[in-house]
Amino acid sequence: QVQLVESGGGLVQAGGSLRVSCAATAPTFIGYTMAWFRQAPGKEREFVAAIIWSSADTYYADSVKGRFTFSRDNTKKTGNLQMNAMKAEDTAVYYCAARSSRLLTTAASEYTYWGQGTQVTVST
């Protein structure tokens with residue numbers, strides 16, 4: 001059983017930066033893929049970024065490419081999403097997710113484990 005605990009988030013002005021982190025509790029996380037999704041009020045949950053834990057290969061949604069960076073600390077089993085040049089449209093609840101596979105996917109239905117979510121608000 002994997003548990004994901006998010007931290008970070010909060011309020012930031014447009015153009016600013018914020019980091020959200022996701023700590024995984026599991027004996028080993030090497031065969032997993034971790035991802036971030038977000039959901040704004042009245043909208044569908046959408047893919048943000050993912051990382052293949054073993055290789056640290058990453059993939060980003062077009063809307064965040066060049067602004068967000070997803071990295072992982074294998075020792076701490078923590079994934080960090082650094083968000084720069086933030087925009088009002090980045091405002092959402094951000095969810096960490098994980099699946100036991102090295103195949104990267106952007107489909108939320110393919111992820112088995114989910115965190116509780118953390119609010120990110122960008123003010124203008």
Side-chain angles (χ1 to χ4, degrees):
Q1 183 72 10
V2 175
Q3 290 187 323
L4 303 174
V5 179
E6 296 125 338
S7 61
L11 176 65
V12 64
Q13 288 189 333
S17 298
L18 206 60
R19 188 174 83 164
V20 290
S21 298
C22 178
T25 58
T28 178
F29 208 66
I30 201 69
Y32 284 74
T33 295
M34 181 183 281
W36 285 96
F37 290 80
R38 66 187 182 187
Q39 188 166 20
K43 293 189 177 181
E44 296 284 322
R45 188 169 297 191
E46 66 172 356
F47 170 81
V48 176
I51 191 166
I52 300 172
W53 205 260
S54 57
S55 64
D57 287 341
T58 54
Y59 184 77
Y60 300 92
D62 288 342
S63 58
V64 306
K65 201 173 295 182
R67 300 188 297 121
F68 290 11
T69 302
F70 196 178
S71 62
R72 60 106 167 96
D73 182 332
N74 194 36
T75 302
K76 297 180 179 178
K77 296 176 194 170
T78 299
N80 301 303
L81 184 68
Q82 178 67 39
M83 303 181 287
N84 298 328
M86 297 192 72
K87 306 175 181 179
E89 51 263 44
D90 293 323
T91 295
V93 177
Y94 283 68
Y95 296 92
C96 176
R99 65 194 295 258
S100 178
S101 172
R102 290 183 174 89
L103 294 179
L104 197 150
T105 176
T106 63
S109 60
E110 296 294 321
Y111 288 84
T112 308
Y113 307 102
W114 290 83
Q116 77 283 1
T118 185
Q119 177 69 46
V120 171
T121 303
V122 183
S123 65
T124 55

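Treat the numbers as computed from the prediction; the structure is a model and nothing was measured. The figures that follow rest on heavy atoms only: side chains count, while hydrogens, waters and symmetry mates do not.
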> What salt bridge (Lys or Arg N to Asp or Glu O under 4.0 Å) pairs are there with at least one residue in residues 97-109, not counting sequence neighbours?
Replying inline: Arg99-Glu110
> Would Ile51 end up clustered with Val2 when hydrophobic side chains under 4.5 Å apart are linked, directly or stepwise?
Replying inline: yes
> With sequence neighbours left out, which residue pairs that include part of residues 32-41 fulfil the salt bridge (Lys or Arg N to Asp or Glu O under 4.0 Å) condition?
Replying inline: Arg38-Glu46, Arg38-Asp90
> Among pairs that include at least one residue of residues 48-89, which meet disulfide (SG to SG under 2.5 Å), considering only residues two or more places apart or in two chains?
Replying inline: none
> When you measure from the side chain of Tyr60 to the backbone N and O of Phe70, does any donor-acceptor pair fall under 3.5 Å?
Replying inline: yes
>> Test: disulfide (SG to SG under 2.5 Å). Region: residues 6-101. Which pairs qualify, not counting sequence neighbours?
In response: Cys22-Cys96
>> Quick test of your reading: applying disulfide (SG to SG under 2.5 Å), list the pairs with at least one residue in residues 28-91, sequence neighbours left out, ordered by first then second residue.
In response: none
>> Going by ring pair (Phe, Tyr, Trp, His ring centres under 6.0 Å), name the pairs with one or both residues in residues 11-32, residues two or more places apart or in two chains.
In response: Phe29-Tyr32, Phe29-Trp53
> What closest approach, in Å, do Thr118 and Val20 show between heavy atoms, and which atom pair accounts for it?
Replying inline: CG2-CG1, 3.9 Å
> side chain to side chain donor-acceptor pair (under 3.5 Å): which pairs involve residues 7-19, sequence neighbours left out?
Replying inline: Ser17-Asn84
> How would you list, by chain and number, every residue that makes a side-chain contact (heavy atoms from CB on, under 4.5 Å) with Lys43, sequence neighbours excluded?
Replying inline: Ala40
> What pairs of residues pass the ring pair (Phe, Tyr, Trp, His ring centres under 6.0 Å) test when at least one of them lies in residues 99-124, not counting sequence neighbours?
Replying inline: Phe37-Tyr111, Phe37-Trp114
>> Considering only residues two or more places apart or on different chains, which pairs with a residue in residues 27-80 satisfy disulfide (SG to SG under 2.5 Å)?
In response: none
> Side-chain heavy atoms under 4.5 angstrom apart, residues restricted to Ile, Leu, Val, Met, Phe, Trp, Tyr: same cluster for Leu4 and Val48?
Replying inline: yes
> What residues form a side chain to side chain donor-acceptor pair (under 3.5 Å) with Thr105, not counting sequence neighbours?
Replying inline: none
>> The criterion is side chain to side chain donor-acceptor pair (under 3.5 Å); which residues satisfy it with Ser55, sequence neighbours excluded?
In response: Asp57
